[in-house]
Amino acid sequence: MSALMLTVAVLSGCATKPRQLMPTPLVYQAPNGRVLFEQIATAQQRPEVDLLFITNRAAEDDPESRLPYGQTRRKGMVFGSAEVRMVPAIDWETLKAQSRLAERTREVALELGAVEESGAFPSEPYRIIRAGENTLRRDPIEVREFDETKVAFQDEIQRRLALSPKKEVMLYVHGFNETFATAAFTAAELCHFFGREQVCSFFTWPASSTGNFLISYTTTTESAEYAVDHLKKTLRMIAATPGVERLQLLAHSRGTAVLLNALRELMIEAIASGAAPADAYRIDNLVLLSPDIDVDIAGQKITGFVSDPDLTRAWPDNSLPRLLNGRLSIYASPDDRALLVSRILFRSRNRVGQLRPEDISPAMQTYFGNLGRVDLITFTGERTDLFGHSYFTTNPKVSSDLVQLVRFGRGPGDPGRDLLRTGPATWEFRAETDSH
């Protein structure tokens, strides 16, 4: 079977088993692991994970579907809360114990619970009114509706911040072949193993998950472009919410392209206004997981502002604005079979999610080393999911490194992150024989 047909077969297969809670990251595994829940108030100690969602998926129109939102595009955005349950029914103390075991003694599966829509932004495009021969204005009624919904969205973030030990927002952006439920599951398990200390949220866009695989992938690529503007608005509103100190942004697969495109537009907005993006948007870590994006395109998104002197002409001493307060971390695996399809369809020689240290030239290694705070982390260990595309949750070593980065703020060379430096900006996981 060809590589394309093999990957198509793998990706188009339907899961029949309930989604299990991801394996316990190494950092927590008993008896010597870190404490998982250190700051959770007693009132918040419950098995369910309550997530904030924002989506441009249209309401599900299939009467047989149990999902609230489907695979078609909405002309605008809605937000609300989504509950992810741990099943079969499990109490907090049992869940806490099971979440520290390398081998669990009982099943812990994920199930989508109550989903409540809290607000809807006006339908797009917003109406316009001609106020003169050469003057157009937005309809003030829709502007007022937008402002009211924005306030409601930010009020909900503030309500959640008041209950959170850390005054930061974790936002997860999923990739291709994901439903509303599967996106919620990944956001929930990441939230769980980040200690449930943040406002946990996910942005979900109409990625196709049924039908002919190749047609679905093409449709998804265009839906990803459609989602960029909505994600940009979402990030801008979150960052402007009083009380938000940091944003932790994580994206998987095709969602990395959505996030990078949205951030590029926001960076240009901030730089053009004379503000450092790091100050304007409070982004701490930007984490790209198995990125389904061409290497050259990703490089342009990340470094394009450096090669555009006119954009930063007003900055003093020809200095470059600071983009992040934390780090840009890219997790890649040359054994990621899911990205084979992208390489074939886009005729792309290199996808970021398959990069090895040796794929980065010495000149580019030096370049990214000088740029600073950019890390390519390559995983070449045993495949722990069917096609090696979700190792950031299915492999306890990789998920542990992610926890050390996002929850504990550790750099790639710090103790607790079992990485070997392979260049100024590249790292790889230690082999078992190289561990301490």
Side-chain angles (χ1 to χ4, degrees), residues 18-23 25 36 44 46-57 67-69 77-87 95 99 108-118 153 156-157 160-161 163-164 166 168-207 209 227 230-231 234-235 238 244 246-256 258-259 262 284-290 331 385 389-394 398-399 402-403 405-407:
R19 171 78 169 262
Q20 299 295 308
L21 178 67
M22 61 185 270
L36 177 52
Q44 302 300 312
R46 58 191 188 95
E48 302 80 16
V49 179
D50 179 29
L51 300 167
L52 173 65
F53 76 84
I54 188 160
T55 185
N56 65 349
R57 291 178 183 261
L67 297 174
Y69 303 100
M77 300 186 296
V78 298
F79 74 92
S81 63
E83 180 185 76
V84 175
R85 298 172 181 157
M86 307 287 177
V87 293
L95 175 61
S99 297
V108 182
L110 306 178
E111 178 182 86
L112 187 63
V115 176
E116 297 182 5
E117 188 174 299
S118 303
F153 178 61
E156 177 61 16
I157 294 173
R160 291 169 178 263
L161 280 173
L163 301 172
S164 302
K166 290 184 177 178
E168 61 184 42
V169 175
M170 184 277 286
L171 181 74
Y172 172 71
V173 183
H174 62 80
F176 169 60
N177 201 32
E178 299 282 358
T179 67
F180 182 92
T182 59
F185 293 158
T186 302
E189 57 190 2
L190 288 173
C191 178
H192 181 70
F193 286 110
F194 288 158
R196 303 194 183 202
E197 295 175 343
Q198 310 147 318
V199 173
C200 296
S201 64
F202 67 107
F203 176 88
T204 177
W205 49 284
S209 58
H230 294 131
L231 180 55
T234 298
L235 294 171
I238 294 174
V244 174
R246 288 175 297 275
L247 270 71
Q248 307 286 356
L249 302 179
L250 298 90
H252 180 225
S253 191
R254 197 63 190 168
T256 60
V258 181
L259 181 56
D284 187 21
N285 286 296
L286 170 59
V287 187
L288 307 181
L289 305 156
S290 313
Y331 287 84
D385 58 273
H389 194 51
S390 298
Y391 49 87
F392 68 101
T393 57
T394 62
V398 181
S399 62
L402 186 59
V403 168
L405 168 67
V406 176
R407 184 184 183 192

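Hydrogens, waters and symmetry mates play no part in the numbers below; they use all other heavy atoms, side chains included.
- Taking CD of E111 as the start and CZ of R85 as the end, the distance is 5.5 Å to the nearest 0.5 Å.
- A side-chain contact (heavy atoms from CB on, under 4.5 Å) with F185 is found for exactly one of L21, L112, L51, namely L112.
- Residue A227 comes nearest to N56 through the heavy atom pair CA-ND2, 3.6 Å, listed as atom of the first residue, atom of the second, then distance.
- At least one side-chain heavy atom of V406 sits less than 4.5 Å from a side-chain heavy atom of Q198.
- Proximity of a side-chain donor or acceptor of H174 to a complementary backbone N or O of S253 within less than 3.5 Å is not detected.
- A donor-acceptor distance shorter than 3.5 angstrom exists from the side chain of K166 to the backbone of R407, with no hydrogens or angles considered.
- At distances below 3.5 Å, not a single donor-acceptor pair connects side-chain atoms of D385 with backbone N or O atoms of T394.
- Counting all heavy atoms, side chain and backbone alike, S99 lies closest to H192 at OG-NE2, 2.8 Å.
- The CZ atom of F79 sits 14.0 Å away from atom CZ of F203, with the distance rounded to the nearest 0.5 Å.
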Handout entry: Worked verdict on H252 versus H389 for side chain to side chain contact (heavy atoms under 4.5 Å, CB included)
Key = CA-CA 9 Å; H252 180 225; H389 194 51; 3.6 Å; yes

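- Using a 4.5 Å heavy-atom threshold, the side chains of V78 and Y69 count as touching.
- Distance check: R254 CZ to S290 OG gives 14.0 Å after rounding to the nearest 0.5 Å.
- Judged by distance alone, the side chain of T182 and the main-chain N or O of E178 form no donor-acceptor pair under 3.5 Å.
- For the pair M77 and I54, the tightest heavy-atom approach, listed with the atom from each and the gap, is SD-CD1, 4.1 Å.
- Of all heavy-atom pairs between T393 and T186, the closest is CG2-CG2, 4.5 Å.
- Scanning all heavy atoms of the two residues, the minimum distance from A251 to T256 falls at O-CG2, 3.4 Å.
- Between L52 and R160 the shortest heavy-atom distance is N-NH1, 3.6 Å.
- Of the inter-residue distances, the one linking L110 atom CG with E48 atom CD reads 12.0 Å to the nearest 0.5 angstrom.
- Centroid-to-centroid, the aromatic rings of F180 and F202 come within less than 6.0 Å.
- Looking only at side-chain heavy atoms (C-beta outward), R196 and L36 stay at 4.5 Å or farther from each other.
- In this structure, Q248 contributes its side chain and N285 its backbone to a donor-acceptor pair below 3.5 Å.
- Judged by distance alone, with hydrogens and angles left aside, the side-chain atoms of E189 form a donor-acceptor pair with the main-chain N or O of M22 at under 3.5 Å.
- Checking each of L171, L286, L235 against L247 for a side-chain contact (heavy atoms from CB on, under 4.5 Å) leaves exactly one that passes, namely L235.
- A donor-acceptor pair under 3.5 Å is formed between the side chain of T55 and the backbone N or O of T204.
- The CG atom of L289 lies 8.0 Å from the CG atom of L190; values are rounded to the nearest 0.5 Å.
- Taking CE from M170 and CD from E197, the interatomic distance works out to 12.0 Å, rounded to the nearest 0.5 Å.
- Ring-centre distance between Y331 and F392: not below the 6.0 Å cut-off.
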